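All values below were derived from every heavy atom in this structure, side-chain atoms included, with hydrogens, water molecules and symmetry-related copies excluded. As the structure is a prediction and not an experimental result, all values here were calculated from the model. Labels below follow one simple rule: chain letters A, B, ... track the order of the sequence lines, proteins then strands, and each chain is numbered from 1.
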Amino acid sequence: MANDSNRFQAIISHCKEYGFIFPSSEIYDGLQAVYDYGQWGSELKRNIRDYWWNSMTRMHENIVGIDAAIFMHPTIWKASGHVDNFNDPMIDNKDSKKRYRVDHLIEGYAEELVSGGRDSEAAALVKSMETLLASDDFGGLKKLIEDHKIKCPISGTSNWTDIRQFNLMFSTEFGSTVSTEDEDNKVYLRPETAQGIFVNFLNVQKTGRMKIPFGIAQVGKAFRNEIVARQFIFRMREFEQMEMQFFIRPGTQQEWYAYWKNERLQWHKSLGIPAEKFRFHDHVKLAHYADAACDIEFEFPIGFKELEGIHSRTDFDLRQHQEFSKKKMQYFDNDTDPSTGKPYGNYIPYVIETSIGLDRMFLAVMSYAYTEEDLSTPEKKDDRVVLKFPARLAPVKLAILPLTKKDGLPEIARGILEDCRSSFYCFYEEKDTIGKRYRRMDALGTPFCVTVDHQTREDNTVTIRHRDSMEQERVSIDQLKAIVTKAII
RNA sequence: GCGGAAGUAGCUCAUCUGGUAGAGCGACAGCUUCCCAAGCUGUAGGUAGCGGGUUCGAGUCCCGUCUUCCGCUCCA
């Protein structure tokens, strides 16, 4: 590979070529920033999802999972802040072709005023901006920019386009009759799965008799409009999140935040991906709901990028829902507070969130696994593409290959298939030379290939070939299931 | 959204200054007692992204449009 960009392109091609990921609606020229998972991609994605789900729920007694609906009451998005906080008005400078968030542009100018000693003028400007933003008065905002002769830092001109709204959330109509005038029918496609957990906090806590600290996990689709949606499945309009909200006693958020930072990094490393592929990035500028936040970044071929977020969300969300729904979102803590000798009593729990993009995790695993190897010898040029997936994530675990399709070999191979297929994903193939079949399995990331040969008929042994080393060993057929099972658990 | 480049069989590409589309690999069927791709035979895939124009005739020239890639921009 000449460079990382080429490597990224090669991975995208490989994903399409071998049935992992296809562009959505491809025969109709595609749909921007939407992708479909193919026969092997959906297996890999499912394996990642299962591994995450099991590590959260099965492996933690105090974490349970839910599956909330994508449609939710519109007020939820008022309460969460998504309706008001994430509809950023944008403006473009016609000369420099640069695009700015209106609030950033005006705030930047206000800072200039402050550094010029014109504090009161700056304060007045920000105040009128906030008033206009609150009322979605785009004409007024543009007039404000023009009146203050705010210039583009690049072009130095005030040649601005009209202000346009950027909508984060997709919306659709509820109800069987079309009534575009009726705002009451408007529902959003959720931009994050977290709110489905918050609004079910009491349901789960009560019915599951959950005691703080406890967590609720969820995997599901979320939808966001993106200004520029590119970079393959890294940034998609429809994507899948794996989130866990951990409810804790107020005042303990620092220790739990640290706990989950470490826990999540360990999870990534448990897949055998080297530690140097990951790094933490602590947020300096925090979102409106957080008192601490960081990302786990992964070194994709396009550089270190956010893979997972860990946020200390305080009691912001539950408190907002309490206010908007008029339902108490509190928990009665019967544990004894050592400082008072009495129970902690009622409080709104604090929350630590871990949120990982399933599609980004897929891309991380694929980026890590994709390997081009030069196998040339002095006599012959040779190379292969191999996906070195962690065995537990590989779409196909075992390929079963009769050396030839004669002499009863396929029958023996089919017997192995019948024996193993209910335990893990097997793939049977008798076409082409054995070498070709091995290479095809390498390209899918299949960790094990067994080959039934003539010796099998005599002593019931087969060769098992290891994907990464390409080495083979001869084992008894009745050992096979145990060997593979051990590697994939 | 802006600038640049590109769009010919599943993939990689050819078709020289316009004259009715080809190769390699792959796929499929069969042969070959072959444990690491490129042994043999045969078969199936393209109205050259799409639309329009110029021309006797366009993949090849012109215009539009869509998509993709690169850079910029944006990113809770």
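One C1' atom belongs to B:rC66, the other to B:rG49, and the distance between them is 7 Å to the nearest Å. To the nearest whole angstrom, the two C1' atoms, one in B:rG7 and one in B:rA48, are 9 Å apart. Nucleotides B:rA23 and B:rU15 have their P atoms positioned 15 Å apart, rounded to a whole Å.
Counting only N and O atoms by type, the side chains of A:S312 and A:Q253 include no donor and acceptor under 3.5 Å apart.
When Watson-Crick and G-U wobble pairs are counted only if both distances are under 3.5 Å, B:rU65 pairs with B:rG49. Here B:rA9 sits opposite no nucleotide as a Watson-Crick or G-U wobble pair (both hydrogen-bonding atom distances under 3.5 Å). B:rA37 is unpaired under the Watson-Crick or G-U wobble criterion, no partner having all donor-acceptor distances under 3.5 Å. With a 3.5 Å ceiling on both atom-pair distances, B:rA21 lacks any Watson-Crick or G-U wobble partner. Taking a pair to require two hydrogen-bonding distances under 3.5 Å in either a Watson-Crick or a G-U wobble arrangement, B:rA58 remains unpaired. Across all strands shown, B:rC72 forms a Watson-Crick or G-U wobble pair with B:rG1, both key distances being under 3.5 Å.
Between A:F247 and A:F201, the two ring planes are tilted [angle within 30° to 60°]. By the 30° and 60° cut-offs, the orientation of the rings of A:Y259 relative to A:W256 is perpendicular.
No engagement by A:D442 is indicated, since no non-hydrogen atom pair under 4.0 Å with the nucleic acid exists.
For A:D432 and A:H283, each mapped to the nucleotide of RNA chain B holding its nearest heavy atom, the one lying further toward the 5' end belongs to A:D432.
Here A:F232 and A:F234 keep their ring centres 6.0 angstrom or further from each other.
In this structure, B:rG57 shows a glycosidic angle more than 90 degrees from zero, which is the anti conformation.
In terms of polar N and O atoms assigned as donor or acceptor, the side chain of A:T463 comes within less than 3.5 Å of the base of B:rC35 in a complementary pairing.
Distance from the side chain of A:R440 is smallest to B:rA27 among B:rG10, B:rC36, B:rA27.
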